[in-house]
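Lettering of chains follows the sequences in order, A, B, ..., and the numbering in each one begins at 1. In what follows, every heavy atom counts, from backbone to side chain, and hydrogens, waters and symmetry copies are set aside.
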Amino acid sequence: MSGSSIVWRRRRSAAAGVWREFRGNRGGLVGLVVLGAVVVLALLVPLLTDEAGLDVTRVDAPLWAPPSAEHWLGTDNTGRDVLLLTWWGTRVSLVVGLAATVLSVGIGSLIGVLAAHFGGWASATLLRVTDFFLVLPSLVLAIALSTVLPRGLGTIVLAIGVTSWPSTALLVRAQTLTIEGRPFIERARALGGGHRHVIGRHVLPAVLPLVFVNTTLTVASAIVAESTLSFLGLGDPTRVSWGSMLHTATVQGAVSKGAWWFLLPPGLGVVVVVLAFTSCGRALETVLDPRLRGER
Amino acid sequence: MTDALAPAADAHETGPSRTGRSGAHATLRHVAGRVGGALLSLLLVVVLGFLLFRVVPGDPVVAMTRGRPMNAELIAEMRARFGLDDPLPVQFLEHLGQLVRGDLGTSYFYRRPVAELIGERVGPTLLLAGTSTVIAVALGLWLGVRSAWRRASRFDQISTGVALTLWAMPTFWLGLLLLVVTGDLFPSGGIRSSGTPPGLLPEILDVAHHMVLPCLTMIAVVYAQYLLVMRSSLLEEMGADYLITAKAKGLRDDQVRRRHAVPNALLPTVTQVFMHLGLVVSGAITVETVFSWPGLGLLTYEALSGPDLPLLQGTFVVLAGAVIVMNLLADLLLRVLDPRVRAS
């Protein structure tokens with residue numbers, strides 16, 4: 001049997017152990033099931049519904065209609081079905097949330113590992129930058145970025161990703177430092193392993209589980225951030241997202257009209273998805289960090 | 001957007017080094033380092049503001065004269081007047097000089113100095129954010145202590161669950177819901193109504209009446225992170241030997257909690273509270289937008305629909321700068337309060 005297949009077998013069995021533990025955590029399991037359902041629904045929208053319902057010029061339902069048998073969640077200010085809008089909105093919110101998280105966790109991990117691995121002035125500079133971004137109010141910077149860059153999903157992803165990485169960086173740095181203090185790293189170095197070998201083969205595999213937990217929590221805040229930016233009118237005007245629905249609702253006076261059916265669904269969408277991600281993240285955290293056992 | 005739920009990564013490496021006489025020297029060096037760091041951060045904010053609002057968007061003269069007939073001479077004259085023909089570093093130094101003199105430029109929309117506009121809006125924001133933060137911190141810490149002390153009890157499960165649910169809510173959405181639910185009970189926006197009789201008491205009551213919903217919204221969304229940080233910080237202390245000693249010498253349960261466990265758990269929490277001040281600023285922006293509260297957040301929102309770049313740059317620099325300064329103060333204060341930090 002070759003060396004790498006032993007490694008893989010060990011990793012598989014470790015993953016199976018994590019899954020066994022995770023399965024025992026009720027909150028985490030519920031979160032995972034909800035997430036699965038939301039993702040499947042988001043993937044199925046184009047098959048089950050007609051995108052024409054999103055086009056203002058092609059709907060002829062009454063405006064501001066409260067929920068009825070025909071429109072389960074009522075209609076918006078242009079007569080579009082709120083259920084349909086919310087359903088389509090899932091896609092943008094999930095995609096932006098995930099993409100921003102990938103960017104944020106990517107930057108955070110890179111800076112965290114580099115800051116811990118290379119000491120000296122490089123590390124000091126990286127820490128200084130991390131500290132700066134950590135303190136800076138992220139929404140303010142995100143607003144600034146999405147104002148000056150062209151409107152679009154890419155800008156929103158960039159604005160969230162660039163502002164939310166510092167906590168990941170600090171976490172990864174702390175973990176990298178503890179791992180690099182262990183004897184096997186010294187052994188790897190003594191055997192002639194270069195930076196690439198040490199980081200790629202030893203540090204990253206040990207840091208990744210933690211990064212993964214952090215990722216689920218980052219997605220949650222990225223989704224809230226997306227809805228906030230879109231609510232402020234900085235989203236992609238051509239796409240329906242939960243935040244942009246709430247933007248339209250507020251601007252068109254849904255509050256004074258008492259149109260709760262237009263306000264409730266998109267916000268509930270955010271709450272459900274964010275809660276699902278957080279409970280998954282917390283469950284994983286408990287599984288991977290034995291000190292937290294005994295909590296629900 | 002800062003994820004309060006991520007495990008707290010401790011930025012300070014604490015190692016006990018008790019070198020009595022050089023203590024004062026070390027303190028001085030620490031203070032100098034922190035102040036220097038904060039100044040560097042402030043400079044970075046100014047550079048970032050300059051890059052974002054002056055360099056990226058392109059020629060401000062084009063933005064200012066959009067939709068109006070202009071001839072080339074007039075444009076050239078304007079460019080010269082705003083110093084746009086100078087190289088960027090020169091422009092930046094010019095900008096820095098203006099900033100130091102308190103000149104933040106002129107708003108496109110209001111046609112008034114940005115510094116003046118910001119000055120008018122600081123008060124309401126301080127009132128709203130200050131009140132909400134104080135209440136949210138008190139509430140969060142109190143609930144956090146009770147949750148941790150009876151970990152996994154019914155109380156813990158419910159309070160953590162409620163906090164997580166509120167934390168998952170977009171701030172502005174909660175505000176909108178409160179507005180719809182309460183109907184005419186509270187004013188829907190602004191800071192005072194026009195029909196208030198003159199006199200100090202009626203005016204205070206009127207402002208307080210306007211403040212109820214915005215305050216509630218901010219507290220609801222912000223307190224969760226204080227609760228969670230306090231809870232996990234106290235949980236970490238709970239296994240410590242000194243608590244067993246305290247119990248063994250016969251202290252009652254809540255004496256152990258109040259005198260021994262909580263003070264130790266409180267200081268890391270306070271650090272975290274200040275680390276997440278940015279969250280309060282984010283909350284202020286959305287809450288003020290929803291409730292038309294005439295503060296810096298609403299000013300930022302108003303500047304977005306233009307976009308009114310000088311105004312946005314002004315609020316960016318002021319909000320970010322305020323958070324940096326508050327952090328510095330908190331850091332220095334913590335050093336006075338916590339002997340452990342002082343010793344490290």
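A distance-only check finds a donor-acceptor pair linking the side chain of W173(B) to the backbone of L263(A) [under 3.5 Å].
With a 4.5 Å cut-off on non-hydrogen atoms, T250(A) touches chain B through its side chain but not through its backbone. With a threshold of 4.5 angstrom between heavy atoms, I223(A) does not approach chain B through any atom at all. For T160(B), the part lying near chain A is the side chain, with the backbone staying farther off; criterion is any non-hydrogen pair under 4.5 Å. For I285(B), the part sitting under 4.5 Å from any heavy atom of chain A is the side chain, from C-beta outward, and nothing else. For S41(B), the parts lying near chain A are the backbone and the side chain together; criterion is any non-hydrogen pair under 4.5 Å. Using a 4.5 Å cut-off between heavy atoms, L177(B) touches chain A through its side chain atoms alone. With a 4.5 Å cut-off on non-hydrogen atoms, L40(B) touches chain A through its side chain but not through its backbone. Within the 4.5 angstrom heavy-atom criterion, only side-chain atoms of L48(B), from C-beta onward, approach chain A. For L136(A), the part lying under 4.5 angstrom from a heavy atom of chain B is the side chain only. Heavy-atom distances place both the backbone and the side chain of V45(B) under 4.5 Å from chain A. Neither the backbone nor the side chain of L127(A) has a heavy atom closer than 4.5 Å to any heavy atom of chain B. Looking at L44(B), the atoms closer than 4.5 Å to chain A (heavy atoms on both sides) sit in the backbone and in the side chain alike.
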> Passes side chain to side chain contact (heavy atoms under 4.5 Å, CB included), I143(A) versus Y301(B)? Steps please.
Replying inline: CA-CA 9 Å; I143(A) 286 176; Y301(B) 178 68; over 6 Å; no
> Stepwise, does the side chain to side chain contact (heavy atoms under 4.5 Å, CB included) test hold for V148(A) with L309(B)?
Replying inline: CA-CA 9 Å; V148(A) 295; L309(B) 293 178; 4.3 Å; yes
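Other residues, nucleotides and ligands place no more than 12 heavy atoms under 6.0 Å from the CZ atom of R29(B).
Minimum heavy-atom separation, L246(A) to F172(B): CD1-CE1, 3.4 Å. Counting all heavy atoms, side chain and backbone alike, F231(A) lies closest to T289(B) at CE2-CG2, 4.3 Å. For the residue pair L304(B) and L232(A), the shortest heavy atom distance occurs at CD1-O, 3.9 Å. Scanning both residues, P170(B) and V270(A), for their nearest heavy atoms gives CG-CG1, 3.6 Å.
The candidate with the highest count of non-hydrogen atom pairs below 4.5 Å against chain A, out of I324(B), V181(B), V323(B), V290(B), is V323(B). Of the listed residues S279(A), P166(A), A144(A), G27(A), the one with more heavy-atom pairs under 4.5 angstrom with chain B than any other is A144(A). No other option in V172(A), L145(A), V129(A), L141(A) has as many heavy-atom pairs under 4.5 Å with chain B as L141(A).
Just one of L275(A), V271(A), T278(A) meets the side chain to side chain contact (heavy atoms under 4.5 Å, CB included) condition when paired with W167(B); it is T278(A).
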